[in-house]
Amino acid sequence: MSNLIPFQDLQGMAQPIAKSGLFGMKTPEQALALMLVAQAEGQHPASITQDYDIIQGRAVRKTHSVLARFQAAGGRVEWHRLDDEVADATFTPPQGGSLRIKWTKEMANAITSIDKEGKPRRLTEKDNWKNYPRAMLRARCIAEGIRAVYPAALGGMMVSEEAQDL
């Protein structure tokens with residue numbers, strides 16, 4: 001069975017996805033663009049609701065989707081430590097070799113960005129980092145590790161947590 005859906009049908013699907021407001025896509029054009037990406041990758045266009053987010057106007061991949069793509073291709077992740085202070089894992093791509101990546105709360109705390117008022121703000125001062133430090137460290141570790149050893153899983157995109165931190 002083919003996942004190829006005619007363009008006019010995609011346009012019709014994009015309307016309710018955007019109108020629902022459930023998936024971060026605010027316009028039918030955003031939903032349609034992601035549907036075309038999904039279809040080009042051999043996925044059903046409705047899979048965009050599971051695999052992508054729109055954050056600050058950017059299309060990004062969800063971290064669990066990136067990890068699933070990596071593992072489906074034969075990649076492996078071995079977690080050495082995963083808690084509120086450290087995410088430490090070894091990423092082994094399907095072609096072999098491996099790379100160990102470690103993200104710490106201390107590293108995240110050293111990163112600053114400029115907030116909407118033009119003031120510097122530490123990464124760890126953001127709500128997601130305060131409320132879910134382990135998940136944020138995990139996401140950053142996954143993004144860096146998989147980007148380094150198997151970038152095809154990201155398709156040139158950021159993961160959601162990276163885009164939220166901009």
Exercise. Is it true that atom CD of Glu106 has more than 12 heavy atoms of other residues, nucleotides or ligands lying nearer than 6.0 Å?
Worked result: no
Exercise. Could you go step by step and tell me if Gln30 and Lys26 meet the side chain to side chain contact (heavy atoms under 4.5 Å, CB included) rule?
Worked result: CA-CA 7 Å; Gln30 289 175 337; Lys26 295 184 170 89; 3.8 Å; yes
Problem set entry | More than 12 heavy atoms of other groups within 6.0 Å of Lys62 NZ | yes
Seminar exercise, completed: What one should report as the nearest heavy-atom pair of Pro45 and Ala38 is CA-CB, 4.2 Å
Exercise. Hey, mind stepping through Ile5 and His44 against side chain to side chain contact (heavy atoms under 4.5 Å, CB included) and telling me if it holds?
Worked result: CA-CA 8 Å; Ile5 295 175; His44 190 279; 3.4 Å; yes
Exercise. Do the side chains of Arg121 and Thr112 get nearer than 4.5 Å, heavy atoms only?
Worked result: no
Exercise. Between Glu125 and Arg122, is there a donor-acceptor pair closer than 3.5 Å when you use the side chain of the first and the backbone of the second?
Worked result: yes
For this session: For the pair Glu78 (side chain) and Ala89 (backbone), establish whether a donor and an acceptor sit closer than 3.5 Å, ignoring hydrogens and angles.
Result: no
For this session: Drop me the distance from Gln39's CD to Phe7's CZ, to the nearest 0.5 angstrom.
Result: 10.5 Å
Exercise. How about Arg134: does its CZ atom have over 12 heavy atoms from other parts shown lying under 6.0 Å from it?
Worked result: no
Exercise. Hey, are the side chains of Tyr150 and Gln95 touching, using non-hydrogen atoms and a 4.5 Å cut-off?
Worked result: yes
Exercise. Are any side-chain N or O atoms of Arg76 and backbone N or O atoms of Thr90, one a donor and one an acceptor, separated by less than 3.5 Å?
Worked result: no
Exercise. Rounded to the nearest 0.5 Å, how far does CE of Met107 lie from OG1 of Thr124?
Worked result: 12.5 Å
Exercise. What is the minimum heavy-atom distance between Pro28 and Ala14, and which atoms define it?
Worked result: O-CB, 3.4 Å
Exercise. Among the clusters formed by ILVMFWY side chains lying less than 4.5 Å apart, do Trp129 and Val86 turn up in the same one?
Worked result: no
Problem set entry | Any side-chain heavy-atom pair of Glu85 and Thr104 under 4.5 Å | no
Exercise. Once you round to the nearest 0.5 Å, how far does CZ of Arg147 lie from CD1 of Ile101?
Worked result: 11.0 Å
Exercise. Does the distance from a Lys or Arg side-chain N to an Asp or Glu carboxylate O, for Arg61 and Glu162, drop under 4.0 Å?
Worked result: no
Exercise. Do Val66 and Gln71 pass the side chain to side chain contact (heavy atoms under 4.5 Å, CB included) test, and can you show the C-alpha distance, the side-chain angles, and the key distance before you say yes or no?
Worked result: CA-CA 9 Å; Val66 169; Gln71 291 173 324; over 6 Å; no
Seminar exercise, completed: Tightest non-hydrogen contact, residues Tyr52 and Glu41, listed as OH-OE1, 3.1 Å
Exercise. Which distance, rounded to the nearest 0.5 Å, do you find between the CG of Leu99 and the CD1 of Ile146?
Worked result: 11.0 Å
For this session: Mind running side chain to side chain contact (heavy atoms under 4.5 Å, CB included) on Ile142 and Phe70 for me, showing each step along the way?
Result: CA-CA 10 Å; Ile142 288 169; Phe70 177 66; over 6 Å; no
Problem set entry | Beyond-backbone contact of Trp103 with Asp88, side-chain heavy atoms, under 4.5 angstrom | no
Problem set entry | Where Ser65 and Asp51 come nearest, the two heavy atoms and their spacing | OG-OD1, 3.2 Å
Problem set entry | Distance-only polar pair, side chains of Glu161 and Thr63, donor-acceptor under 3.5 Å | yes
Exercise. Is there a side-chain contact between Tyr132 and Asp127, using heavy atoms and a 4.5 Å cut-off?
Worked result: no
For this session: Would you name the heavy atoms of Asn128 and Met136 that are closest together and state the gap between them?
Result: O-CG, 3.5 Å
Exercise. With under 30° as parallel and over 60° as perpendicular, where do the rings of Phe91 and Trp79 fit, or are they tilted in between?
Worked result: perpendicular
For this session: Would you confirm whether His80, through its side chain, and Arg100, through its main-chain N or O, come within 3.5 Å as a donor-acceptor pair?
Result: no
Exercise. For the residue pair Val159 and Val60, what are the closest heavy atoms and their distance?
Worked result: C-CB, 4.2 Å
Exercise. Judged by atom type as modelled, is there a donor-acceptor pair below 3.5 Å linking the side chain of Asn109 to the main-chain atoms of Lys105?
Worked result: no
Seminar exercise, completed: Distance col, row Thr27:OG1 vs Ile17:CD1, nearest 0.5 angstrom, shows 11.5 Å
Problem set entry | Approximate separation, where rounding is to 0.5 Å, of Asp53 CG and Met158 CE | 13.0 Å
